[in-house]
> 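My structure is below; once you've seen it, I'll send some questions.
We're numbering straight along the sequence, starting at 1. We use all heavy atoms of the structure for the numbers below, so side chains are in, but hydrogens, waters and symmetry mates are not.
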Amino acid sequence: MGAVGLQTHIWANNTRSLLLLAAFPVLMIFIIYGLQLVLMGFGFLPGTGRGLGDDMALAASWLGGTIPLAFVVAGIWFAISYFGSQAMIDMMTGARKVERKSEPDLYNLLENLAISRGLRTPTLRIIDNDSLNAFATGLHEGQYSITVTRGLVAALTRDELEAVLAHELTHVINKDVRTMVIASIFAGIISVIAELVFRGLIYSRGGGKRDNKNAMPLILIGLAFAAVGFALAIVIRMMLSRTREFVADAGAVELTKNPDAMISALRKVEGRSSLKGPDEVQQLFLDNQPDGVGLEGLFASHPPIQKRIDALVKFGGGIDPGVWSGGAERPADSYSTSTSTPVAG
């Protein structure tokens with residue numbers, strides 16, 4: 001970050017995001033083709049009665065009709081999600097809107113940060129939950145919102161809470177929020193298409209005419225196409241989320257000029273960030289670590305806390321309160337924000 005500047009990383013992230021988002025329609029075609037092969041194998045769609053290659057070619061020829069239909073359905077879903085995304089997120093997480101009157105200290109912190117960048121203050125929301133987490137949502141100016149948990153407000157000092165709000169505001173400034181919401185909508189569309197078809201197959205109880213000699217190869221090839229497309233959609237969404245957390249951490253330091261506060265906030269959040277919500281929403285969280293390790297960690301939507309702290313120490317000049325020369329935990333009185341007090345909630 002220090003060598004080329006934060007703005008260069010933001011531009012690189014946005015360019016990469018556009019390319020990754022462009023891959024979602026391609027993956028949808030991939031999945032639709034696979035599902036057509038599966039339906040043909042189960043006898044719900046007619047085959048050629050000839051070789052496997054002919055059946056696959058026939059399924060490909062149908063894409064001219066099924067793809068426009070799928071994109072019409074996707075467009076309707078996108079419109080519903082675009083205008084109703086915040087209401088759905090609030091319902092799924094239990095977030096509620098708060099005003100300056102009920103949360104003056106918290107609101108003032110967010111407002112001051114927004115004013116420092118000439119932005120309209122995002123709507124402030126709180127989740128009455130003991131976990132330590134936060135996230136930003138919204139698709140355009142006037143719709144942006146920053147949500148924090150009650151546990152976060154109670155556990156963090158004023159400086160630490162300001163750093164977290166700056167982190168989330170950076171997601172807004174860099175348009176990360178819009179990118180992630182759109183990616184979640186695309187991924188949701190793909191999930192719904194796949195789930196509807198597979199549920200239909202389950203409830204149909206094999207009602208198709210299974211007289212196609214290529215049935216089993218068609219089903220296996222189709223499932224492979226659909227599975228690869230679905231898995232890549234998940235991976236792309238996670239790649240979008242992972243690459244942005246480092247830049248948002250750096251943006252928080254740029255806004256607050258206090259790397260130690262961001263580091264100590266992450267240390268407090270570590271292991272205490274568990275917050276229920278659908279996968280699409282968890283991608284937006286300040287931290288979202290899997291419960292397990294190993295293979296499960298490969299599919300984590302966020303980089304490990306330690307890697308984020310290492311980056312802040314290396315590039316931001318911060319001090320990690322969890323690291324001490326003797327290898328033991330750093331004494332409490334050496335925390336850079338130890339003189340601050342938690343924000344009243």
> Count I, L, V, M, F, W, Y as connected when their side-chain heavy atoms are under 4.5 Å apart, and connections chain through other members. Are L63 and L39 then in the same cluster?
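Linked, L63 and L39 end up in one cluster.
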> Does R125 reach the side chain of V98, with side-chain heavy atoms less than 4.5 Å apart?
no
> Yes or no on side-chain contact (heavy atoms from CB on, under 4.5 Å) for I126 and T147, after CA distance, side-chain angles and deciding distance?
CA-CA 5 Å; I126 284 186; T147 303; over 6 Å; no
> Holding to side chain to side chain donor-acceptor pair (under 3.5 Å), I want the full list of residues that pass it with R272, two or more places apart in sequence or in another chain.
none
> On a heavy-atom basis, which atom in L58 and which in G47 lie closest, and how many Å separate them?
CD2-C, 4.1 Å
> Quick one: list whatever passes side chain to side chain donor-acceptor pair (under 3.5 Å) with Q36, sequence neighbours left out.
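Listed in chain order: T66.
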> Report the C-alpha separation of Y144 and T137 in whole Å, then their side-chain angles, then the decisive distance to 0.1 Å, and conclude whether the side-chain contact (heavy atoms from CB on, under 4.5 Å) test is met.
CA-CA 6 Å; Y144 293 125; T137 51; over 6 Å; no
> A134 and V148: which non-hydrogen atoms are nearest, and at how many Å?
CB-CG1, 3.8 Å
> Under the 3.5 angstrom rule, does the side chain of N288 hit a backbone N or O of H302 as a donor-acceptor pair?
no
> For D55 and T48, does a side-chain donor sit closer than 3.5 Å to a side-chain acceptor?
yes
> Tell me, do K307 and F246 make a side-chain contact under 4.5 Å, heavy atoms counted?
yes
> Same cluster or not: L223 versus V228, using hydrophobic residues (I, L, V, M, F, W, Y) connected whenever any side-chain heavy atoms lie under 4.5 Å apart?
yes
> Are any non-hydrogen side-chain atoms of D130 and T149 less than 4.5 angstrom apart?
no
> How about L45 and W62: do any of their side-chain heavy atoms sit closer than 4.5 Å?
yes
> Give a yes or no on this: more than 12 heavy atoms of other residues, nucleotides or ligands lie within 6.0 Å of atom NZ of K101.
no
> So, the side chain of S145 versus the backbone of P122: is there a donor-acceptor pair under 3.5 Å, distance only?
no
> So how far is it from D249 CG to M262 CE, rounded to the nearest 0.5 Å?
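With rounding to 0.5 Å, CG (D249) is 4.5 Å from CE (M262).
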> To the nearest 0.5 Å, what is the distance between CD1 (I221) and CG (N214)?
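Here the rounded value is 9.0 Å.
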> Could you measure the distance from the CD atom of E245 to the CZ atom of R308? Nearest 0.5 Å is fine.
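Rounded to the nearest 0.5 Å, the CD-CZ separation comes out at 5.0 Å.
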> Holding to side chain to side chain donor-acceptor pair (under 3.5 Å), I want the full list of residues that pass it with D54, two or more places apart in sequence or in another chain.
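Counting only residues at least two positions away or on another chain, D54 forms a side chain to side chain donor-acceptor pair (under 3.5 Å) with R50.
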> Looking only at non-hydrogen atoms, find the nearest pair between F285 and L275 and report the distance.
CE1-O, 3.5 Å
> Assess whether a salt bridge exists between E111 and R120, defined as any Lys/Arg side-chain N lying under 4.0 Å from an Asp/Glu carboxylate O.
no
> Spell out, as yes or no, whether a donor-acceptor pair under 3.5 Å connects the side chain of N133 to the backbone of L286.
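Yes, N133 side chain to L286 backbone: donor-acceptor pair under 3.5 Å.
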> Would you confirm whether K276, through its side chain, and T93, through its main-chain N or O, come within 3.5 Å as a donor-acceptor pair?
no
> Between the side chains of N129 and S131, is a donor N or O closer than 3.5 angstrom to an acceptor N or O?
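Per modelled atom types, N129 and S131 side chains form a pair under 3.5 Å.
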> Can you name the nearest heavy-atom pair linking A155 to L132, along with the distance?
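Reported closest heavy-atom pair: CB-CD2, 3.8 Å.
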> Got a sec, which residues hit side-chain contact (heavy atoms from CB on, under 4.5 Å) with I76, two or more places apart in sequence or on another chain?
V72, I80
> Would you check if the side chain of S102 reaches a backbone N or O of E99 as a donor-acceptor pair within less than 3.5 Å?
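Side chain of S102 to backbone of E99: a pair is present.
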> For the pair H167 and H171, name the ring-plane relationship: parallel under 30°, tilted 30 to 60°, perpendicular over 60°.
perpendicular
> Can you tell if the side chain of N258 reaches within under 4.5 Å of the side chain of V253, non-hydrogen atoms only?
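Not in contact.
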> Answer yes if M88 and I127 sit in the same cluster of Ile, Leu, Val, Met, Phe, Trp and Tyr residues linked by side chain heavy atoms under 4.5 Å apart, and no otherwise.
yes
> Would you say the side chain of I146 lies within less than 4.5 Å of the side chain of L165, judging by non-hydrogen atoms?
yes
> Step by step, would you call R158 with D105 a side-chain contact (heavy atoms from CB on, under 4.5 Å)?
CA-CA 9 Å; R158 182 188 183 281; D105 295 330; over 6 Å; no
> Stepwise, does the side-chain contact (heavy atoms from CB on, under 4.5 Å) test hold for I29 with I67?
CA-CA 7 Å; I29 295 172; I67 289 176; 3.7 Å; yes
> Is the shortest side-chain heavy-atom distance between L161 and L152 below 4.5 Å?
yes
> Using the rule that Ile, Leu, Val, Met, Phe, Trp and Tyr join whenever any side-chain heavy atoms are under 4.5 Å apart, tell me whether V26 and F71 fall into a single cluster.
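No, it is not one cluster - the side chains of V26 and F71 are not joined through contacts under 4.5 Å.
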> Answer with yes or no whether the side chains of T256 and E162 bring together a donor and an acceptor at under 3.5 Å.
no
> Tell me yes or no: between the side chains of R100 and N108, is some donor less than 3.5 Å from an acceptor?
yes
> With distance as the sole test, does D90 use its side chain to make a donor-acceptor pair with the main-chain N or O of R96 at under 3.5 Å?
no
> Can you tell me how far the CD1 atom of I319 sits from the CD1 atom of I309, to the nearest 0.5 Å?
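Going from the CD1 atom of I319 to the CD1 atom of I309 covers 13.0 Å.
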> Can you name the residues that form a side-chain contact (heavy atoms from CB on, under 4.5 Å) with L119, not counting sequence neighbours?
A114, R117, L169, I173
> Under the rule for ring-ring contact (aromatic ring centres under 6.0 Å, His included), what residues qualify as partners of Y33, not counting sequence neighbours?
F225
> Which atoms form the tightest heavy-atom contact between A166 and L113, and what is the distance?
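Heavy-atom minimum between the residues: N-CD1, 3.6 Å.
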> Do L284 and M92 sit in one hydrophobic cluster, given that two such residues count as connected whenever their side-chain heavy atoms are within less than 4.5 Å of each other, even indirectly?
yes
> Closest heavy-atom contact between P259 and G316?
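For P259 versus G316, the nearest heavy atoms are CG-O, 3.4 Å.
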> For residues L266 and D287, determine if any side-chain heavy atom of one lies less than 4.5 Å from a side-chain heavy atom of the other.
no
> Rounded to the nearest 0.5 Å, how far apart are OG of S273 and CD of Q282?
9.5 Å
> Is the closest basic N to carboxylate O distance between R267 and D320 below 4.0 Å?
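Between D320 and R267 there is a salt bridge, with a charged N closer than 4.0 Å to a carboxylate O.
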> Counting N and O atoms only, with roles assigned by atom type, does the side chain of E160 sit under 3.5 Å from a partner on the main chain of T157, one being a donor and the other an acceptor?
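Answer holds: yes.
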